[in-house]
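Below: the structure, in structure tokens.
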Amino acid sequence: PSYGRSHVFYELSVPVPRTEVARLKVLRYLAAIEGGIYARLLRENINVDTSYAGLVCKNPNRSDLFDVRGCFKEYELAE
């Protein structure tokens, strides 16, 4: 079934801490990357949830909720 929303997951090879000890420059870079992904999905007319705050998502291990596509690899932040 189609629920009309898309979830995009990516895995970083090195986690980016998002706590008070995180480096602001790295957090800004990560935010810019996430914004770029979001903008590209909008440009390609992919139905995105414009109110998504990035806090929770559907469980990617539930096969009844997801039609998984794409490649499974870890990315460097610069990619």
Side-chain angles (χ1 to χ4, degrees):
S2 175
Y3 296 100
R5 299 282 187 221
S6 298
H7 286 255
V8 175
F9 296 92
Y10 55 91
E11 183 176 358
L12 296 175
S13 58
V14 177
V16 175
R18 298 175 76 171
T19 65
E20 64 277 354
V21 299
R23 294 180 183 219
L24 192 55
K25 184 176 180 180
V26 176
L27 289 176
R28 286 184 179 147
Y29 187 43
L30 179 61
I33 292 168
E34 290 175 340
I37 292 171
Y38 178 80
R40 182 173 180 177
L41 293 173
L42 286 175
R43 279 195 312 272
E44 295 180 9
N45 293 320
I46 295 176
N47 187 12
V48 297
D49 185 353
T50 56
S51 62
Y52 178 63
L55 301 175
V56 296
C57 67
K58 292 179 179 144
N59 185 344
N61 294 318
R62 293 242 345 241
S63 61
D64 59 325
L65 293 178
F66 285 91
D67 179 14
V68 178
R69 299 175 190 181
C71 63
F72 298 93
K73 70 173 244 174
E74 293 181 350
Y75 292 91
E76 298 291 326
L77 192 55
E79 289 182 86

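Only a predicted model underlies this, so the values are computations on that prediction, with no experimental measurement involved. Every heavy atom of this structure was used, including side-chain atoms; hydrogens, water molecules and symmetry mates were not.
Partners of A22 by side chain to side chain contact (heavy atoms under 4.5 Å, CB included), not counting sequence neighbours, listed by chain and number: P17, L27. Partners of E79 by salt bridge (charged side-chain N to carboxylate O under 4.0 Å, His left out), not counting sequence neighbours, listed by chain and number: K73. Partners of V26 under the side chain to side chain contact (heavy atoms under 4.5 Å, CB included) rule, at least two apart in sequence or in another chain, are V16, R23, L77. By the side chain to side chain contact (heavy atoms under 4.5 Å, CB included) test, E20 is found to be paired with no residue, residues two or more places apart in sequence or in another chain being considered. Residues that satisfy the side chain to side chain contact (heavy atoms under 4.5 Å, CB included) test with K25, not counting sequence neighbours, are absent from this structure. Residues satisfying the side chain to side chain donor-acceptor pair (under 3.5 Å) test with S13, not counting sequence neighbours, are E76.
For residues 27-43, every residue pair satisfying the salt bridge (charged side-chain N to carboxylate O under 4.0 Å, His left out) rule, not counting sequence neighbours, is listed here: R40-E44.
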